[in-house]
Structures are given as structure tokens and as C-alpha cells.
Amino acid sequence: RTYSAKSEFLIVRALCSRRRDVAGKIMATVDGEHFHTKEASEAYSFIMKYVRTHGEAPAFDTLLEDPRLSEKARTSLSNIQGNIRNHAQLEQTLENLTQYKKTRACVRLSRMIAESIGEDNIDIEELVTEIQQTAATLSLTKSLENTLFHIGRDSNVGDLIQDILYGED
């Protein structure tokens with residue numbers, strides 16, 4: 001299996017959370033490649049465009065009513081059961097999506113290698129370059145959590161302010 005629709009939709013729902021630390025963690029961790037289902041991918045892209053325009057994700061109920069999102073995506077989102085209830089569950093769900101993303105990349109890579117080997121003239125250098133690029137992508141984890149700041153409850157700027165005020169150059 002190369003994806004979990006439930007995990008994808010749970011992350012989309014959590015992305016609409018009013019808790020900025022939850023939404024920020026998701027935005028810092030996932031990208032479009034984490035979503036395999038067409039509906040979850042569409043919803044994620046829609047939310048990220050909304051964030052760029054409005055500065056925050058839409059409320060989940062608003063998302064379900066937005067006519068710019070396809071009917072199939074809205075139906076799929078409204079049918080999802082459950083919520084991510086705590087940070088441990090959020091971390092596990094994000095880890096699962098990352099593993100599925102890596103699995104899909106490995107499947108694509110193995111298909112590409114098999115197709116290349118079957119060709120009459122193999123460009124080994126190009127094949128090795130493609131393998132290296134895919135391997136590098138698999139080993140990278142998008143981690144912007146320390147560059148996204150939120151103030152208020154669960155603030156993550158206290159240490160930064162201390163460093164600015166009292167830190168050494």
C-alpha cells in the first residue's frame with residue numbers, strides 16, 4: 001500500500017485547526033507530495049492558496065462549504081471519521097504520511113530503473129543522476145518548525161527573544 005486516505009484527510013482537517021501550533025507544524029512538515037488521493041491533494045492545495053491570501057487556513061466547516069473545492073473533495077472530507085487529538089497522534093500521522101511519500105518515490109524509482117534497463121541504449125550517467133536526486137529527496141525532511149513563529153499560548157518565540165536581547169554575537 002502506498003497511501004492512507006484517512007491519514008491524508010485527518011491531516012487536511014488538522015491543517016484547518018484554530019491552534020496555530022498544530023497548523024504550523026503541519027505546514028512545516030508536509031508538501032503536496034505527501035498527498036496521494038486526488039481529493040486530499042486538491043484540498044491541501046486549496047488550503048495553502050487560502051493561507052497565502054488570508055494569512056491563515058480556513059475553518060474546516062468553511063472549507064466544506066466553499067464552492068471552489070470540488071464536490072467530491074468536499075464529500076470525502078465530510079465523511080472522514082475522527083480527529084487528531086494530541087501532539088503524539090499528530091506526529092505519528094505526519095510520520096505515516098512521510099513514509100507513504102517515500103514508498104511512492106521508491107516505487108516510481110524502481111519503475112524508472114526497470115524501464116531504463118529494458119531500453120536498447122542505457123545512459124548510465126543519467127540513470128545514476130536520477131537515482132541520486134531521488135535518494136537525496138527521500139533523505140530530506142522539510143523542517144521549518146523553527147522558522148514559523150507563533151505568539152500566545154504555546155509560543156515558540158521566548159528563546160529567540162532571549163537570544164536577541166542577551167545573546168552573544
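For clarity, every value in this text was computed on a predicted model and none was experimentally measured.
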Considering non-hydrogen atoms only, spot the tightest contact between [X] and [Y] and give its length.
X	Y	answer
Ala105	Thr134	O-CG2, 4.2 Å
Ser17	Ala23	O-CB, 4.2 Å
Ile122	Ser116	CG1-O, 3.3 Å
Ala14	Val22	O-CG1, 3.8 Å
Lys25	Leu90	CG-CD2, 4.0 Å
His87	Asp21	NE2-OD2, 3.3 Å

Quick one: side chain to side chain contact (heavy atoms under 4.5 Å, CB included) partners of [X], sequence neighbours excluded?
X	answer
Ala73	Glu39, Glu42, Leu69, Ser70
Glu65	none
Leu10	Lys6, Ile80, Ile84

**Complete:** Students should find that the hydrophobic cluster of Val107, defined by side-chain heavy atoms under 4.5 Å apart, otherwise consists of none
**Prompt:** Apart from Tyr100 itself, which Ile, Leu, Val, Met, Phe, Trp or Tyr residues share its cluster (side-chain heavy atoms under 4.5 Å, direct or through members)?
**Reply:** none
Return the [atom1] to [atom2] distance between [X] and [Y], rounded to the nearest 0.5 Å.
X	Y	atom1	atom2	value
Leu77	Leu64	CG	CG	6.0 Å
Lys38	Lys72	NZ	NZ	7.0 Å
Asp31	Met48	CG	CE	9.5 Å
Met27	Tyr44	CE	OH	8.5 Å
Asn83	Gln89	CG	CD	8.5 Å
Phe9	Ser78	CZ	OG	9.5 Å

**Prompt:** Is there a donor-acceptor pair closer than 3.5 Å between any side-chain N or O of Arg13 and the backbone N or O of Gly82?
**Reply:** yes
**His36 side chain to Ser41 side chain, donor-acceptor N/O pair below 3.5 angstrom** = no
**Prompt:** Ion pair present between Arg20 and Glu56, side-chain N to carboxylate O less than 4.0 angstrom?
**Reply:** yes
**salt bridge (charged side-chain N to carboxylate O under 4.0 Å, His left out) contacts in which one or both residues fall within residues 118-139, not counting sequence neighbours** = none
**Asked** For Arg111, does the CZ atom have more than 12 heavy-atom neighbours from other residues, nucleotides or ligands under 6.0 Å away?
**Response** no
**Request:** Start with the C-alpha gap between Leu127 and Met112, add the side-chain angles, then the distance that decides, and say whether side-chain contact (heavy atoms from CB on, under 4.5 Å) holds.
**Result:** CA-CA 9 Å; Leu127 183 61; Met112 186 211 45; 3.7 Å; yes
**Prompt:** Do Phe35 and Val12 have side-chain heavy atoms sitting under 4.5 Å apart?
**Reply:** yes
**Message:** Is there a continuous path of hydrophobic side-chain contacts, each under 4.5 Å between heavy atoms, that joins Ile11 to Tyr3?
**Reply:** no
